[in-house]
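The structure appears right after this line, and notes come after that.
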There are 2 protein chains.
Amino acid sequence: MTSLPGVLGDLDPTSDRAVFRQIADQLRDAIAHGRFREGEKLPSEAELVEHYGVSRMTVRHSFSLLQGEGLVHAEHGKGVFVRPRPPVRRLASDRFARRHREQGRSAFLVEADTAGSHPTVDRLEIREEKAGQDIATRLGSVRRVLARRRRYLLDGRPVEFATSYLPLDIARGTPIAEPNPGPGGIYARLEELGHRLDHFEEEIRARMPTPTETKTLQLAPGVPVIHLIRTAYDTGDRAVEVCDTVMAADAYVLSYQLPAT
Amino acid sequence: MTSLPGVLGDLDPTSDRAVFRQIADQLRDAIAHGRFREGEKLPSEAELVEHYGVSRMTVRHSFSLLQGEGLVHAEHGKGVFVRPRPPVRRLASDRFARRHREQGRSAFLVEADTAGSHPTVDRLEIREEKAGQDIATRLGSVRRVLARRRRYLLDGRPVEFATSYLPLDIARGTPIAEPNPGPGGIYARLEELGHRLDHFEEEIRARMPTPTETKTLQLAPGVPVIHLIRTAYDTGDRAVEVCDTVMAADAYVLSYQLPAT
DNA sequence: CAGTGGTCTAGACCACCTT
DNA sequence: AGGTGGTCTAGACCACTGT
């Protein structure tokens, strides 16, 4: 084991800064300077208790700070580790371009291939239901909808959970209501049904996950979610789909092109 | 005071779920069901210790969970409160449209007015410096840049901290290097200098704030940041500005239009 | 088995806020 | 002064992981 005094400093008893913050500061600094690398194990609680001469709860408090910042994660029985940055999926603003649909490829697969990762879809659920207030409003006061839920995984790791809502009068009895809607996905089917797509609107928020989301996306502590709500409009300016997506924020970079005009 | 048993349940001693999680579950549930409203005070630690018959540290642990989720915030000497959702700034994808610049209004002011809030700019700093690797790459391997830093506040609350980087050969000695670049902001000046803007590219990430960001944006625990990097391209496809922005995630909704073609 | 983190207790003293 | 949260201690027992 590396001698801790070589890597970590001492406490400043005269400082106003709480001891657990000072310890967190030193660990954070050590990580930032690469003295602990990604995936590497930090000193155990017992070692830090020894090194700083504080109680175990104080050390744990420091760790919980760093965990909240998403810097480290604990593994029961093993240790506390510097959290590695997972590979990110880059979502470009042309990901719904018609040329992709015409090639028979869904947006998720287009992106995954680019990243060279292995994509999976999971927990597919299709049902007719009554839309909530927000969804109904976005769809132009439509309440009877078809909901398509599914979870996306990348190399086995869940990264995104999405629900598409479509007006029932459009989607019922069509391939859109089938588990596999066919090449090009539901957007291709919508166009075949006469709803030529004009544009999409995406709303983006970021927040901490709910406990349910933490479970569904197997999120580590300190990882926020990106909440994206997309509305698809046809050339008649009718909203034909709303897709509500929750993404593990550490797995995504969103990219958009804005006109300057 | 409301009787706690009426609002909060009992613990399940047979459950595998840790006591502090059960308590957090009950409080979370009570908040979700409106039994505690936004801004309202939760029962004090002492009251919960009494109600559940657990030690104070256990109750505090529950609170720290909820704090990490961004649901509540503590005020020293006062109590723990349900965190109110602040008004959000909606950033639309036409916010850099030329028509706004031609009206002599900066993007920040355009948005703030729409929201009916009082905007302020703060901590303006302009200096020439050597760009980091990432910024330099985005600017097409330009290293000598003008950096414009500033903080934005809305009704007195800091919501955004941004740095614009411009190639020195473009910006030096121009109004862009002045504290107040004039009507329409630096984009208007860039166009006057012959760099007609063609489009912008924005990259969006979400993550937990660094301690510095927490301080600069006065972020409550459990509030992530949105990290936005915008590159402005002129009609010659040259990158003429990179703007690196960190936003308090609870204060923003980003909105984009995507073409379906 | 020993080492690790996870949970919990029962205190203590402090700093801040309201009355 | 009395109530509130903030920090810290010195233990205890448990559950998981490795050898």
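Per chain, numbering begins at 1; letters A, B, ... match sequence-line order. Note that the structure is a prediction, hence the values are computed from the model and not measured.
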Of all pairs that satisfy side-chain hydrogen bond (donor to acceptor under 3.5 Å, both in side chains), the ones with a partner from residues 215-226 of chain B, not counting sequence neighbours: none
Can you confirm whether more than 12 heavy atoms, excluding those of R35(B), are under 6.0 Å from its CZ atom? yes
For E40(B), is the CD atom crowded, meaning more than 12 foreign heavy atoms sit under 6.0 Å from it? yes
According to a 3.5 Å limit on both distances, what stems of 3 or more consecutive Watson-Crick or G-U pairs are formed with DNA chain D? C:2-18 with D:1-17
Does anything in residues 61-76 of chain B reach DNA chain D, meaning a heavy atom under 4.0 Å, and if so which residues? A74(B), E75(B), H76(B)
Check: E203(B) main-chain N/O paired with S255(A) side-chain donor or acceptor under 3.5 Å: no
Tell me what R21(A) touches on the nucleic acid: a base, only sugar-phosphate, or nothing, going by heavy atoms under 4.0 Å. sugar-phosphate
Would you say a side-chain N or O of S44(A) is under 4.0 Å from OP1 or OP2 of dT4(C)? yes
Taking any atom closer than 4.0 angstrom to a non-hydrogen atom of chain A, what span of DNA chain D does the protein reach, first nucleotide to last? dT7(D) to dG18(D)
Once ring-ring contact (aromatic ring centres under 6.0 Å, His included) is applied, do any residues pair with Y152(A), and if so which ones, sequence neighbours excluded? F108(A)
Among all residues two or more places apart in sequence or in another chain, which pass the ring-ring contact (aromatic ring centres under 6.0 Å, His included) test with Y256(B)? Y256(A)
Taking the nucleotide of DNA chain D with the nearest heavy atom to each, does K41(B) or F20(A) sit closer to the 5' end? K41(B)
Any side-chain donor paired with an acceptor under 3.5 Å for S164(B) and R150(B)? yes
